[in-house]
Amino acid sequence: MATNRFLFLAVAIVALIGGTQSANILGLFPSLSTSHLIIQMSAAKVLAERGHNVTVVTVLKPVVTHKSINEIIVPLTKEEAQQMSDTIKEMSRSDNSNMVLSMLRMSGQMDFMFKKMAEALKDDRVRDLYLNKGNKFDLVLSGYFMNDFQLGFARKVNAPVIIVATMPPNQMLNPFIGNPLELSYVPSMDDSVEKGKGMSFRQRMSTLVASLSFRVLTHIFDRNNRNLYKELFADDPNMPELSEMVKNTSMVFFASHALSEGPIRPNVPAAIEIGGIQVKDKPDPLPQNMADFLGNATDGAILLSLGSNVKGSHIRPDTVTKMFNVLSKLKQRVIWKWEDLEKTPGQSDNILYSKWLPQDDILAHPKIKLFINHAGKGGITEAQYHGKPMLSLPVFGDQPGNAEGMVKKGFGLTQSLLTLEEQPFQEAIQEILTNPKYAQKVATFSSLYRDRPMSSRELVVYWSEYVIRHHGAAHLQSPLVHMNFIAANNLDLYALIAVILVIVLLLFKAVVKYLYKRFVSKSKKASKQKQH
Ligand SMILES: *[C@@H]1O[C@H](CO)[C@@H](O)[C@H](O)[C@H]1NC(C)=O
Ligand SMILES: *[C@@H]1O[C@H](CO)[C@@H](O)[C@H](O)[C@H]1NC(C)=O
Ligand SMILES: *[C@@H]1O[C@H](CO)[C@@H](O)[C@H](O)[C@H]1NC(C)=O
């Protein structure tokens with residue numbers, strides 16, 4: 001009896017330990033974009049909180065982190081950081097409303113980013129992760145920034161890989177898991193189709209053209225990737241082709257939530273949408289000065305933040321003055337993210353400058369009535385989560401597109417930061433503060449966005465552990481991964497049918513001609529002969 005009970009206890013303990021066993025997880029997040037790193041680190045943090053042993057490789061110092069995460073930071077030199085900052089400054093002053101064109105213009109910058117991301121993987125501490133046989137990894141999280149070459153790392157540590165993307169499913173990411181592109185009814189990024197309607201001829205045409213120009217662009221990235229892959233893993237003759245590594249991706253975590261954001265589209269089982277992973281379920285308390293400032297804001301308050309990449313000093317001084325002139329005259333209180341507290345745009349009782357902002361926690365505050373931002377995906381996501389209307393002042397990259405999408409959904413207005421003038425800026429702010437339609441639309445969205453069977457955090461834990469348990473997810477791979485464009489679209493079959501149809505038609509024509517000659521012209525001849 002006693003031994004039985006002891007046995008039962010022992011089994012229970014073993015089962016318990018087995019169930020919550022900690023895995024070794026490696027996150028490769030060398031992106032030079034702070035907002036990308038925030039999303040990727042948020043996923044890593046969830047796994048660390050769950051008790052897994054998470055190691056991350058980054059170039060930037062992560063803002064989101066956890067005490068048990070081992071960080072390997074391969075930083076930029078001072079000059080390189082300055083160069084990055086200068087480029088962002090330059091881009092924020094030139095017109096970048098066309099995404100493909102601005103990405104092409106950024107291609108010099110892209111070369112620099114590719115080089116730095118590859119260099120991070122060459123660092124001795126990073127190479128040691130696979131050279132030192134004492135290290136064992138059960139899963140690699142590969143932070144996506146057009147850096148397919150780093151998938152070779154998963155092979156090196158012999159672990160399955162999940163890509164952590166900072167975008168919704170799209171042309172660049174779909175091929176990893178054979179997610180269908182569906183150009184005829186899934187519009188290109190941040191465009192939308194009217195409810196209850198299909199895509200018009202014009203919409204389909206513009207989606208197709210966008211897709212083709214993107215293909216040109218990805219060709220350039222593909223070449224970069226193949227070169228860097230060869231360079232990084234040149235010392236190992238057993239490395240498979242990069243295209244083989246791409247096909248071995250177990251899953252992609254997308255930073256989107258189609259049920260609320262759209263577009264409604266089919267996804268393969270390996271596509272997991274974890275949109276909003278960076279948003280806290282419950283806000284942390286605000287620093288005392290901000291809590292007081294907002295708490296006493298009887299007419300409501302506005303949050304102004306132009307993101308982590310664009311610093312206040314990047315904006316033209318006269319633009320800053322115009323913004324200050326408008327904001328300082330409002331009865332609402334304003335929290336303005338501003339780096340250089342020695343040189344603020346001006347003093348006003350209703351404005352609180354702060355170098356650092358707990359943006360998510362501030363947006364959760366009920367007094368916030370408007371969020372003025374630069375249309376970064378992260379900021380828009382947080383505002384949508386908390387149901388706050390927006391005025392977006394996009395700068396470059398995907399921002400103009402994000403802003404347009406936000407306006408189309410009715411969550412606010414947008415104006416170019418480059419051509420900002422006092423009067424339209426003031427009118428836009430008043431319109432959003434006084435017309436309730438923006439706040440209502442975004443509040444409705446917010447309730448849809450939060451309504452999910454599993455939260456983003458639960459999804460990250462479940463599917464990461466799923467891939468660890470099954471040593472990859474080969475069983476749910478779409479066959480599309482192994483098919484070329486012609487086969488994937490049945491173009492060869494259509495061509496075959498067309499050829500058969502043509503042959504049948506030609507045969508039919510020949511037979512008709514023959515029969516006509518044989519009988520009709522004969523009978524004509526016969527009748528002619530009869531008349532004689
Ligand atoms: C966590 O992983 C790192 C990297 O492989 C390793 O050096 C460390 O010993 C691990 N820690 C634990 C507690 O297993
Ligand atoms: C693909 O991933 C699986 C699971 O991690 C691994 O066993 C296999 O060797 C990988 N294949 C290639 C070509 O790297
Ligand atoms: C806000 O109001 C409280 C009292 O309700 C007061 O103690 C505090 O000083 C006020 N803070 C600001 C920044 O006005």
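Source: prediction; values computed, not measured. Start at 1 with the first residue, then count along the sequence.
- Leu259 has its side chain out of reach of Asp451: every pair of non-hydrogen atoms, C-beta onward, lies at least 4.5 Å apart.
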Margin query: Show, in sequence, the C-alpha distance, side-chain angles and deciding distance for Leu141 and Gln40, and conclude whether the side-chain contact (heavy atoms from CB on, under 4.5 Å) test is met.
Written below: CA-CA 9 Å; Leu141 299 178; Gln40 292 155 358; over 6 Å; no
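- Interatomic distance, NZ of Lys116 versus OG1 of Thr77, reported as 6.0 Å (0.5 Å rounding).
- A 4.5 Å side-chain heavy-atom check between Leu242 and Asn225 finds at least one atom pair inside the cut-off.
- Remark: Arg50 is not positioned above the aromatic ring of Tyr462, lacking an NZ or CZ atom under 6.0 angstrom from the ring centre and at most 45 degrees off the axis.
- Listed here is the closest heavy atom pair of Trp338 and Val320: CH2-CG1, 3.9 Å.
- The ring-ring contact (aromatic ring centres under 6.0 Å, His included) search around Phe253 returns none, not counting sequence neighbours.
- Note: Ser42 OG to Leu47 CG = 11.5 Å, rounded to the nearest 0.5 Å.
- Two residues are said to be in side-chain contact when any heavy atoms from C-beta on lie closer than 4.5 Å; Asn267 and Arg265 meet this criterion.
- Listed by chain and number, the residues in a ring-ring contact (aromatic ring centres under 6.0 Å, His included) with Tyr466 are Trp463, His470, His475 (sequence neighbours excluded).
- Atom NZ of Lys122 is surrounded by more than 12 heavy atoms from other residues, nucleotides or ligands within 6.0 Å.
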Checklist line | side chain to side chain donor-acceptor pair (under 3.5 Å) between Ser211 and Gln171, worked out | finding: CA-CA 7 Å; Ser211 164; Gln171 194 164 342; 3.3 Å; yes
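- With rounding to the nearest 0.5 angstrom, the CG atom of Leu286 is 6.0 Å from the CD1 atom of Ile362.
- Counting non-hydrogen atoms of other residues, nucleotides and ligands closer than 6.0 Å to CD of Glu241 gives a total of 12 or fewer.
- Of all heavy-atom pairs between Ala118 and Leu228, the closest is CB-CD2, 3.8 Å.
- By the 4.5 Å heavy-atom criterion applied to side chains, Val161 and Met245 are not counted as neighbours.
- Closest non-hydrogen pair, Leu303 versus Leu357, comes out as CD1-CD1, 3.6 Å.
- No side-chain heavy atom of Arg452 sits less than 4.5 Å from a side-chain heavy atom of Glu458.
- The existence of a salt bridge linking Arg155 and Glu244 is excluded, since no basic side-chain nitrogen approaches an acidic carboxylate oxygen closer than 4.0 Å.
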Notebook entry, point to check: Do Met251 and Ile177 pass the side-chain contact (heavy atoms from CB on, under 4.5 Å) test, and can you show the C-alpha distance, the side-chain angles, and the key distance before you say yes or no?
Noted result: CA-CA 7 Å; Met251 278 183 185; Ile177 46 172; 5.6 Å; no
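- Under the side chain to side chain contact (heavy atoms under 4.5 Å, CB included) rule, Phe149 has a single partner from Asn227, Asn224, Leu232, which is Leu232.
- A 6.0 Å sphere centred on CD1 of Ile486 holds no more than 12 heavy atoms belonging to other residues, nucleotides or ligands.
- For the pairing with Met41, the side chain to side chain contact (heavy atoms under 4.5 Å, CB included) check across Val46, Ile69, Val63 returns one residue only, Ile69.
- In this structure, Thr344 contributes its side chain and Leu341 its backbone to no donor-acceptor pair below 3.5 Å.
- Of the N and O atoms on the side chains of Asn373 and Ser392, at least one donor lies less than 3.5 Å from an acceptor on the other residue.
- When all heavy atoms of Asn53 and Ser22 are compared, the pair lying nearest together is N-OG, 3.6 Å.
- Checked by atom type and distance alone, the side chain of Asp124 never pairs as donor or acceptor with a backbone atom of Arg127 at under 3.5 Å.
- A donor atom on one side chain and an acceptor atom on the other are not found under 3.5 Å apart for Ser31 and Ser33.
- The shortest distance between side-chain heavy atoms of Phe176 and Asp148 falls below 4.5 Å.
- Judged by distance alone, the side chain of Asn238 and the main-chain N or O of Asp236 form no donor-acceptor pair under 3.5 Å.
- The only member of Ile73, Asp123, Leu37, Leu32 that meets side chain to side chain contact (heavy atoms under 4.5 Å, CB included) when paired with Val59 is Leu32.
- The shortest non-hydrogen separation linking Phe233 to Phe153 is CZ-N, 3.6 Å.
- Between atom CG of residue Leu129 and atom CG of residue Asn24 there is a gap of 10.5 Å, rounded to the nearest 0.5 Å.
- At distances below 3.5 Å, not a single donor-acceptor pair connects side-chain atoms of Ser464 with backbone N or O atoms of Val461.
- Not one N or O on the side chain of Asn132 forms a donor-acceptor pair closer than 3.5 Å with the backbone of Asp128.
- The structure places OG of Ser456 at 8.5 Å from CG of Asp281, a figure rounded to the nearest 0.5 Å.
- Looking at heavy atoms from C-beta onward, Ser305 lies in side-chain contact with Phe371 at the 4.5 angstrom threshold.
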Next item on the list: Dump the intermediate steps for side-chain contact (heavy atoms from CB on, under 4.5 Å) on Gln384 and Lys409, then the final yes or no.
Entry: CA-CA 11 Å; Gln384 290 178 352; Lys409 290 180 203 148; 3.8 Å; yes
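- Inter-residue side-chain proximity for Gln150 and Pro30 is flagged as met; some heavy-atom pair is nearer than 4.5 Å.
- Ring orientation note: the planes of Tyr385 and Tyr449 are nearly perpendicular, at an angle over 60° on the 30°/60° scale.
- Side chain of His52 to main chain of Ala23: a donor-acceptor pair is present (N/O by atom type, distance under 3.5 Å, no hydrogens or angles).
- Taken to the nearest 0.5 Å, the CD1 atom of Ile72 stands 12.5 Å off from the CZ atom of Phe29.
- Nearest heavy-atom pair across Leu459 and Glu273 is CD1-O, 3.3 Å.
- Remark: side-chain polar atoms of Gln399 are paired, donor with acceptor, to backbone N or O of Val395 under 3.5 angstrom.
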Checklist line | Asp222/Arg226 under side-chain contact (heavy atoms from CB on, under 4.5 Å): CA gap, chis, key distance, verdict | finding: CA-CA 6 Å; Asp222 286 349; Arg226 279 194 300 273; 3.9 Å; yes
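- Glu71 and Thr65 form a side-chain donor-acceptor contact under 3.5 Å, judged by distance and modelled atom types alone.
- Asp138 places no side-chain N or O within donor-acceptor distance of the main-chain N or O of Ile468, the cut-off being under 3.5 Å.
- Residue Glu382 forms a side chain to side chain donor-acceptor pair (under 3.5 Å) with just one option from Lys280, Gln359, Gln278, and that option is Gln359.
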